[in-house]
Amino acid sequence: MQPQALPGFRDFYPADMALRDRIVRTWRRVAARYGFEEYDGPPLEPLELYTAKSGEEIVGQLYSFVDKGGRDVSLRPEMTPTLARMVAARANGLKKPIRWFSIPQLFRYERQQRGRLREHFQLNCDLIGEPGHLADAEIVALAIDAVRAFGLGSADIRVRLSDRRLLTALLEAVGVSPAQVPLVYQVFDKIRRTPEDVSVTRLSGAGLPGPTIDRLLGIVRARTWSELDGLGAGLDRALAQGDPLRRTFEALQALGFGDYLDLDLGIVRGLAYYTGTVFELFDARGELRAISGGGRYDDLLRALGGVDLPALGFGMGDVVLGELLRDRGLAPDSVSSIDVFLAAITQDDLPHLLGLARELRDAGARVEFALAPQAVGKQLKLADARGARLALVVGPDDRGRGEVMLKDLREKTQESIPRDAVRDRVARILGDELSS
RNA sequence: GUGGUUGUAGCUCAAUCGGUUAGAGCGCCGGACUGUGGCUCCGGAGGUUGCGGGUUCGAUCCCCGUCAGCCACCCCA
């Protein structure tokens, strides 16, 4: 048995690379539309960067080890601590609000499953220095556009939005004690795939009385603001905590993304540092894991980097998105690897052909030719398999006339043209394809 | 980390009750085809049946272990 890639790590064959490349390029393009600048940091970091303040959940899954210098290090499981360090180091000199994005390869040591590997690429977009609801709307809008740009619409994608401030206030208002909050979060997180009686049993097992449980179920099931407002008396003060989220909804509707949004207070992001808006993107059929998730973390930069700046952001991995694109037939078809194939009839034609290759490559064309003597038919077969638009056939007869045979493999036409005119003709036919 | 389930050619799969030399399609290579591509026809390469052990006259098939994939749990970048 040949050595394989480590569990959870991927080999990218050209077809896989084409998809990954499309994803990454599309992300860059969309982030740029929102005025975001790209940054990056080290893939390997000191272990303490993650054990210090980051979510406790992540620590157990760190891909960490001791390096040859005896340092405790970890492959980065998330980008936020690195971002916090970088922003903190130059916080005074950076114009706010900061709009930065990165597409790091992230790692975690955990048993893999579909859509969940030990390594993935993740679009990270963060907006730092703005506490207002328009920043929240911008981030959510960017997350939506980052999948919309692949051709996915509101029929394919749903966004579920919640707010920690609102949820916390509601739980307190209905009588959930701080000690009971973690369990309530757990139950909320699983509410969609758990029978109701199981959820009720777990909640009552934590000491919550029946009426409180009923109200909790009402909170987690509310999908509109009016449903939430109708949950009963005594919640007005708590519901007032929902104002920022309401305004975020309104802004997103004005931006034209209303069709994508669902209110869902059952969204429980694992990372403990979220302080306000939290959201997740899912495929509308509910077949896959979350495509993206994020939220507001106004206290994290102070805890992590020492600068007191409000911030929010989201992450979006390439694995689930890639699966969704494949499922929907939106992955790239077989790509053409060359523009022009050069075919020689005899060995004597080779110097002529190599000169053409140099000239066309200098002009920006993607050029290939047979590396060993072959029948012309065979060479053209290869040209076809490569997806070449054009083929140039050079033989003794052509050379005698100072010409070459230009074949358009797509149009199935051919004509003999002067050798000196090749470059211009090829450039004209390929047109825009050259500049890309 | 726990439990379940599946591993046969590069890919998708077949192989009777445990029985001879493990097959097919696609893909790949070559030929028909030494001045013209996609099609067609012909041929070829490619397998320690994931790996290791056990039962048996005989194991792709039964048993145990292990590794890997998938599913659920845990958790969720």
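The sequence lines fix the lettering, A, B, ..., with proteins before strands; numbering per chain opens at 1. Below, all heavy atoms of this structure are taken into account, side chains as well, without hydrogens, waters or symmetry copies.
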- Between A/R111 and A/M79, the residue closer to the 5' end of RNA chain B by nearest nucleotide is A/R111
- Inter-nucleotide C1' distance (B/A22, B/A59), Å rounded: 13 Å
- Look at all strands and tell whether A/L117 reaches a base, only sugar-phosphate, or nothing, counting heavy atoms closer than 4.0 Å. base
- Query: According to a strict under-4.0 Å criterion, is A/Q61 in side-chain N/O contact with OP1 or OP2 of B/C76?
  - Reply: no
- Which part of the nucleic acid, if any, lies within reach of A/G315 when heavy atoms closer than 4.0 Å are counted: base, sugar-phosphate only, or nothing? nothing
- For nucleotides 36-47 of chain B, just jot down a letter per nucleotide in 5' to 3' order: B, S or -, based on protein non-hydrogen atoms under 4.0 Å. BBB---------
- Query: How many Å lie between CZ on A/F9 and C1' on B/C67, as a whole number?
  - Reply: 17 Å
- Task: Determine the Euclidean distance between corresponding C1' atoms of B/U16 and B/A32; express it in Å to zero decimal places.
- Result: 40 Å
- Task: Please state whether the phosphate of B/C75, meaning OP1 or OP2, lies under 4.0 angstrom from any side-chain nitrogen or oxygen of A/Q113.
- Result: no
- Message: What's A/R116 touching, base or sugar-phosphate or nothing? Going by heavy atoms closer than 4.0 Å.
- Response: base
- With RNA chain B as reference, determine whether A/V319 or A/R399 sits nearer its 5' end, using the nearest nucleotide of each. A/R399
- Could you check which nucleotide pairs with B/U8 in any of the strands shown, counting Watson-Crick or G-U wobble with both distances under 3.5 Å? none
